[in-house]
Each structure stands twice: as C-alpha cells, then as structure tokens.
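Notes to accompany the following structure.
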There are 2 protein chains.
Amino acid sequence: MHGDRDPRPTLEAVAAHAGVSRATVSRVVNGGRGVREELREQVRRSVELLGYVPNIAARSLVTRRTGAVAVVIAEPETRVFSDPFFAQQLRGISRELRQRDMQLLLVLIEQPKDYERIGRYLSAGHVDGALMFSLHGADPLAAMVRESGLPTVFGGRPGWPGAETESGLLYVDTDNRGGARQAVAHLRARGRRRIAVITGPLDQTSAQDRLDGYHDALAESDGAPRQATPLVAHGAFTAEGGEAAMAELLDADPEIDAVFAGSDLMASGALRTLHRRGLRVPEDVAVVGYDDLEPAAWSEPTLTTVRQDVERMGSMMAELLLRKLDLEAGDAPPAPVVTEARLIVRGSS
Amino acid sequence: MHGDRDPRPTLEAVAAHAGVSRATVSRVVNGGRGVREELREQVRRSVELLGYVPNIAARSLVTRRTGAVAVVIAEPETRVFSDPFFAQQLRGISRELRQRDMQLLLVLIEQPKDYERIGRYLSAGHVDGALMFSLHGADPLAAMVRESGLPTVFGGRPGWPGAETESGLLYVDTDNRGGARQAVAHLRARGRRRIAVITGPLDQTSAQDRLDGYHDALAESDGAPRQATPLVAHGAFTAEGGEAAMAELLDADPEIDAVFAGSDLMASGALRTLHRRGLRVPEDVAVVGYDDLEPAAWSEPTLTTVRQDVERMGSMMAELLLRKLDLEAGDAPPAPVVTEARLIVRGSS
DNA sequence: CCAACAAGTGAGAGCGCTCTCACGCCCCCC
DNA sequence: GGGGGGCGTGAGAGCGCTCTCACTTGTTGG
C-alpha cells in the first residue's frame, strides 16, 4: 500500500533538474555557502518544485551524525515519570530541539534487563547525545554513558558517589536548597516556632537538598528565637508517606505549629492527617509544599508551595547538550545550570 | 572529544573475523535463515566478541525502513498532554515498540507553523508509521497523513467530518459511552432522580460520547421512574469549568441530587462548588467523575469515577500500527479497537 | 551415471548522500 | 604579460549495509 510508489526525488534528480552537479545541490541544501547567488536561487527553485527532502539515512551514513537526541527515563514507574512535570520538561526539550531540527527519541527503561540493550544502543552511535532523568544512586547507565563517551546532560544533579567532583559532568538542577530555605524562612517570618519537615528519599539529591535548606533556614538568625531541634520525618515523596509522616511527627511532638513537606504530594497527605486530627490549617498548623503541581492551587486550603520553572529546565538541558555537541576545539565547555526556585504563598500558611 | 576514536566494527570486520562473507554475517544478524548452524554459531561469536552493532543508517538506506515510529501530540498545551494519562500511554507504546526493536520518535506540535514542517517530515519517509493524539476537528495533520499514505493509528476516535465512514481508518478508543452509561445507571440505582451532567468540549468525540452515555442511561427502564429532562452544563474538561458548570446547574435546579462529570478534573471543580454552597457529598448530591486520575482516590470524599486501561490503550495503538506495517498482501487489515471502561465506586456516590 | 534440483555461500552492485580534491576561471600584483 | 591566489564548480570515492544473482556443493531420481 505504501512505499511501493516512491516518488521521492533524490539529490541527483534535483541536480539534473537544475542543471548543476550533485555537489552543488548538496551545498545549497546545507547552507549554500560557496555557491553563486544566482545558482543558489535556481537550485532552491528546483528543490521546491520537486519537493525534495534529504534522506537522513544517507546523510547520517556519511556524516556520522544522526540528528537525534535520546531522552532516557529510567524506571518510568517512579514519580518523575508520572508527574505532570515530565510533560512540561519534554515540551521544553522538544522546543529547543526543533529549533535545531533535531529529533527526540524517547527511551523508557522498565526492566533491569533493558539496561544492557539501552546501553548498547546508546553507545552504538544511533543518537548524537542523551538527556537522562531520574537516575538513582549508582545507576549503571551513568557508567555506560561515561564509557561510551556519549555526550549527556542529566536532569537533576546526579547523586552517585564521586559525582560531585567529576569534571565535565553536565546537568540542570533547580535550587532545591534555596527553595526549601525560602519556604522555612517564610514559616519563621509568620511566627512559627516548631517547624517540622517531611523529606523524600534521601538517596535523591533533590530530597537531600531540600532537607539541607530546612536546616539552613532554622540556623539563620532573623531576630526571632532559634528553633533548637529539627523535627524530621520521611515521606517517600508520596501522599501516603506524607500522611504517615505527619502522624508520626504529631505523635512525637503535639506542639508542632508548621510543617514543610518536600513535595506537594506529601503535603496533601499531611493535610489529610491534620484534617483527621481536627487541626486547622493554617491556624493551628501551617503547611508548605514543594513543586507547585496543579492540584496545589485547588486543595482545601490552597497550598503554599515552591515553584520551579520546569519547562525552562527542559529547554536548558537540550541547549546544554547542543552546545556540547558543537563544541569547537578550544571553546570553553558548558557548565551545569541551577535554576531558581520561588515561593508561592497561598492559603495554607 | 567524542567520535574521533570510533572503534565500531562493521559487517566487514565481523566477516573477516569469522572467516565468512559480508552477506553471511548479514544473514545471521537478520535472523540467520539459510545459514548452516555451525557457521551461524561462529558468526554469533564474532559479533559478540567484537561488540558489533548494526549501523541503522546504512541499513535503512537500503531497506527503506527506518525502524522508527513517530508519536505525534498536537497542541501539547491541552489536557491530553499534561495528563498523567499521557505518560501511561507512552509507557504502553514504548513497551510494545521495544519488543519489536523499534524507536519512538516524540513529536510535539505547538505552533500552527509547525504543522507544515511536521507534515513534510512525516511524508519524507523518516519514520515507518505514526501514532497521533488529540487531533481536534479537521486537523490538517489528518489530511497530510492520508495524502502521504503514512500508516497511522489515532488515539481516540477521530472526529473530523466523514471520519465515521472512512475505510481503513485505524484508532484505539475507550468505551466512553458505555462508561458514562454505567456511571449514570449507578447513580439511578442509588436512588438519585435528578441527575445532571457536566460535559467536556463537544468537538471531542470523548466528550460527546460520554454525554450520549448519560442520555442512554436516563432512557433505560430499570423499574425506577424516568428522569424526564436531562440537565446539561459545559465544563471544558477543566476544574474551573466544572466549578462554574456546577454553580450554573444548581442555580437552574436546586433539587439536583447527583451529578456526572465528564472528567475527574471537572468533578473536583464541582466538589468545590458543592462544598462552598454547604451541600454534603454524597448525602445531598452524589458525584461521579471520569478518568480515575490519581488524585481522585485522595479527594474529600474519595471520588467515584470511571477507569480505563490507559497503558493498554497505548500498547494496542502500537500493536495495531505494527500489524499494519507488516501486512502481507492478502492479509486481513486490522480494525479499530474500543477498550472497556469500568466504574470504580468510592465515597462520593 | 548423469541430469535436475535444493541448499548454502560469496561477489558485487547500489541505496542517497557528503566531502575531498582537482580543475577552470577571474582578478590582482609585480 | 605571466604567475599566484582566491573562488566556484564538478568528478568520484566511499560511508555500511542489503539483496540479487551466480556459483559450488550435496542430494535425489530417472
């Protein structure tokens, strides 16, 4: 049905039509440098007329460039993938890639046995570079990528041992620590004196950084009396986890008058527990989340939270990768990027 | 930095190593039919040893197959893209494609001017087929695809004029009408007698089908007295829309004792309005949503809703496309698929 | 015992493109 | 007026693979 009629013109055909050589048409198609204006125009007309589109397979066979970038999501069962976030990041990535006429190859890894296949695939030169999300701990992909030398940018600061000092490591992260500090400082400014925190899994840098920010804010002297002891519970970045963590915190210290949850999902769980125990938000206990997911704006009460420009993070990842890809010898290599986080004050604090 | 050392072995190298011809290695790599078992094993060892991976560019240059499928999302600003749904569908698609060693090319369309580029891209033979989501009304892509003859499967039943009767049109949809009928029948079985509906934009078949299902259920005779007049309001598939629609419905008829919202998002808006007006759910007004998004399970009260197997829909789309791709002459062409929808009863009804 | 055939293998063309190199032309300078 | 240097163009090789076709070998049947 398809493919048997294949009227796609080749370079050859365009060249014949324009009365020039293949080489000249190729030059015009790829920027037109070094071709007389008049000829160039003529070739362009032929291209237009015949509806010529380059065959990328043939092109990439000789250039050794594929014009494609892999977006790799490890363990798509996890939070990162089901987040609405993820869609936004993809949008940012897609926008940037399109500007450069590059394709976006989506690679989802589910089973451990996929790893080897993917690693092989990535090393095989099928893509020019990769963007990787949600690698935990010592993810085997990191090593594979390093070995293969495939240019890669990570989404979120990588947390494997030694990542800190690895030179040339490229990532885009948001200022989790600063965002958390803002959130907790805000609670202090509101006069709260027993502020608890609910953290995500601390093997993820985002969770650890947010916890660090909490400690930072407690240690700041803003004239108000210091809160001596941190109150920490773990919520696994899920609503259920937040629910349990809040209960645990209240059991340990009923005097708590505020809680900073490391994600909106955990905050929603915390709200449920507070509600169940008859505590009013924000009168008795103030609540701040993190992420600014859409539902945060329509919970009861609306949730104070920390926002990050997710789409921009996506486009910066792509941009970083593209910059690395056409690095000329002698150019300064690009550096990791950390984007700003901003507190959004709503009804829950 | 990368690519200058390029130790990737070619077919030639493997052939030399195994002491056979290029053709034989090619045969082994592509299934091994017509090669003596002994030789085959020997070639496999060489492949393994050298770490040979076929160069897809070279391959697709001659086979005219790219081994890639485009997943096209039109207007990714819309609900369909930011849905958690979307991630699930992708997962289903990805799983199916991986089994067949096909790549997933993600194409997001944002601006009208992208359309032409994409249309050209799709017709240019860069992919073997396409999966398309969220095409509204007379989306230009539909025409482009038809013209180019690119094998395509749609996500959701297409709604453009004439789509109904178009032969060979392939799509995967969920039984929106049946799901809605179940939801409303459930409300009737609970003894509700003034059941309203909040619909999505009726230019999307899913919204229209759900409305039809509502009418179906009202018309069913189940022994209970019939509800004479349907009560319909429009909510645009958003929380805000649901909020406004619910207010409108209550203003028009304060006796309403149940509402079926065409999406969970609209249901959440409706809940807010009911809450604000001091109406108890489900005592005064029962609420049923549609989609079974994650937050549905943790709203207050938990939301009765209709679930569809989204991931399965994704994998069926991919499967349908792959079936169409390797259709031999004489095979029966695949047909559209409509998957089941299932009512999930929770606290709000 | 040889023709006919099947099965396994290799030689070689060619997919559509880029890119190097050589060539021709014109301009400038000595 | 001739040599050197640029610039624009074309010829041709070759990227790594598949696939057709011819060849060799082993098997069968007349």
Side-chain angles (χ1 to χ4, degrees), chain A residues 3-44 46-47 50-68 101 121 123-126 128 326, chain B residues 3-44 46-47 50-68 101 123-126 128:
Chain A
D4 36 13
R5 48 148 192 100
D6 195 355
R8 289 220 288 137
T10 69
L11 250 204
E12 189 78 50
V14 177
H17 185 271
V20 297
S21 75
R22 230 165 47 231
T24 298
V25 179
S26 175
R27 276 188 275 258
V28 173
V29 169
N30 296 294
R33 290 153 46 94
V35 178
R36 211 155 21 99
E37 176 55 34
E38 183 197 330
L39 255 196
R40 209 189 308 166
E41 211 23 70
Q42 183 177 332
V43 169
R44 284 226 188 84
S46 296
V47 164
L50 300 181
Y52 170 75
V53 183
N55 179 322
I56 34 167
R59 173 182 288 170
S60 88
L61 180 56
V62 32
T63 59
R64 267 108 208 308
R65 277 268 203 149
T66 63
D101 260 308
Y121 180 83
S123 329
H126 296 340
D128 295 337
D326 37 47
Chain B
D4 37 11
R5 45 148 193 99
D6 195 352
R8 289 221 287 137
T10 67
L11 250 203
E12 190 79 50
V14 177
H17 185 271
V20 296
S21 75
R22 232 165 45 233
T24 298
V25 179
S26 175
R27 277 188 273 258
V28 173
V29 169
N30 297 294
R33 289 153 46 94
V35 177
R36 208 154 24 96
E37 176 54 34
E38 181 197 332
L39 256 195
R40 207 188 310 166
E41 210 26 68
Q42 182 176 334
V43 169
R44 284 227 187 83
S46 296
V47 164
L50 300 181
Y52 169 75
V53 184
N55 179 322
I56 34 166
R59 174 182 289 170
S60 88
L61 181 57
V62 31
T63 58
R64 269 108 206 309
R65 276 269 203 150
T66 63
D101 261 306
S123 330
H126 296 339
D128 296 337

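Quick note: numbers below take in every heavy atom, side chains included, and nothing from hydrogens, waters or symmetry partners. Order of the sequence lines fixes the chain letters, A, B, ..., with proteins taken first and strands second; residue numbering starts at 1 for each chain.
Listed candidates were C/dT9, C/dC17, D/dT18. Nearest to the side chain of A/Arg59 is C/dC17. Listed nucleotides C/dT18, D/dT18, D/dG16 differ in distance to A/Thr63; the shortest reach to its side chain belongs to C/dT18. The listed nucleotides are C/dT9, D/dT18, C/dT18; the one nearest the side chain of B/Val62 is D/dT18. Closest to the B/Ala23 side chain, of the nucleotides C/dA11, C/dG16, D/dA11, is C/dA11.
A distance of 9.5 Å separates OH in A/Tyr121 from CG in B/Asp101, rounded to the nearest 0.5 Å. In this structure, B/Arg36 CZ and B/Thr24 OG1 are separated by 9.5 Å, a value rounded to the nearest 0.5 Å. One finds the CZ atom of A/Arg59 at 7.5 Å from the OG atom of A/Ser26 (value rounded to the nearest 0.5 Å).
Phosphate contact (OP1/OP2 of D/dT18, side-chain N/O of B/Ser26, threshold under 4.0 Å): present. In this structure, A/Thr10 does not reach the C/dG16 phosphate: none of its side-chain N or O atoms is under 4.0 Å from OP1 or OP2. Side-chain nitrogen and oxygen atoms of A/Arg64 include at least one within less than 4.0 Å of the OP1 or OP2 phosphate oxygen of D/dG16. A/Asn30 has a side-chain polar atom (N or O) that falls below the 4.0 Å cut-off from OP1 or OP2 of C/dT18. Residue B/Arg36 places at least one side-chain N or O closer than 4.0 Å to OP1 or OP2 of C/dT9. In this structure, A/Thr24 reaches the D/dG10 phosphate: one of its side-chain N or O atoms is under 4.0 Å from OP1 or OP2.
The interatomic distance linking B/Leu11 (CG) with C/dA11 (P) rounds to 14 Å, in whole Å. The interatomic distance linking A/Asn55 (CG) with C/dT18 (C1') rounds to 13 Å, in whole Å. Note: CD (B/Glu12) to P (D/dC15) measures 10 Å, nearest angstrom. Between B/Glu38 atom CD and C/dG8 atom C1' the separation is 12 Å, expressed in whole Å. Rounded to a whole Å, the NE2 atom of B/His126 is 12 Å from the C1' atom of C/dG16. With rounding to whole Å, A/Arg65 atom CZ is found 24 Å from C/dG16 atom P. If you take CG of B/Leu61 and C1' of C/dA13, they are 13 Å apart, rounded to a whole angstrom. What separates CZ of A/Arg22 from P of C/dT18 is a distance of 10 Å, to the nearest Å.
Put simply, the side chain of B/Arg8 gets close to the backbone of A/Ala124: a donor and an acceptor are under 3.5 Å apart. A/Arg40 places a side-chain N or O within donor-acceptor distance of the main-chain N or O of A/Val35, the cut-off being under 3.5 Å.
Residue-level contact check: A/Ile56 touches neither bases nor backbone, having no heavy atom under 4.0 Å from any strand.
Between the side chain of A/Arg27 and the base of D/dG10, a donor-acceptor pair under 3.5 Å is found.
Along DNA chain C, the nucleotide closest to B/Leu39 and the one closest to B/Ala58 are compared, and the more 5′ of them pairs with B/Leu39. Comparing B/Ala57 and A/Gly34 along DNA chain D, the residue whose closest nucleotide (by nearest heavy atom) sits nearer the 5' end is A/Gly34.
When the shell of 6.0 Å around CD of B/Glu38 is examined, it contains 12 or fewer heavy atoms from other residues, nucleotides or ligands.
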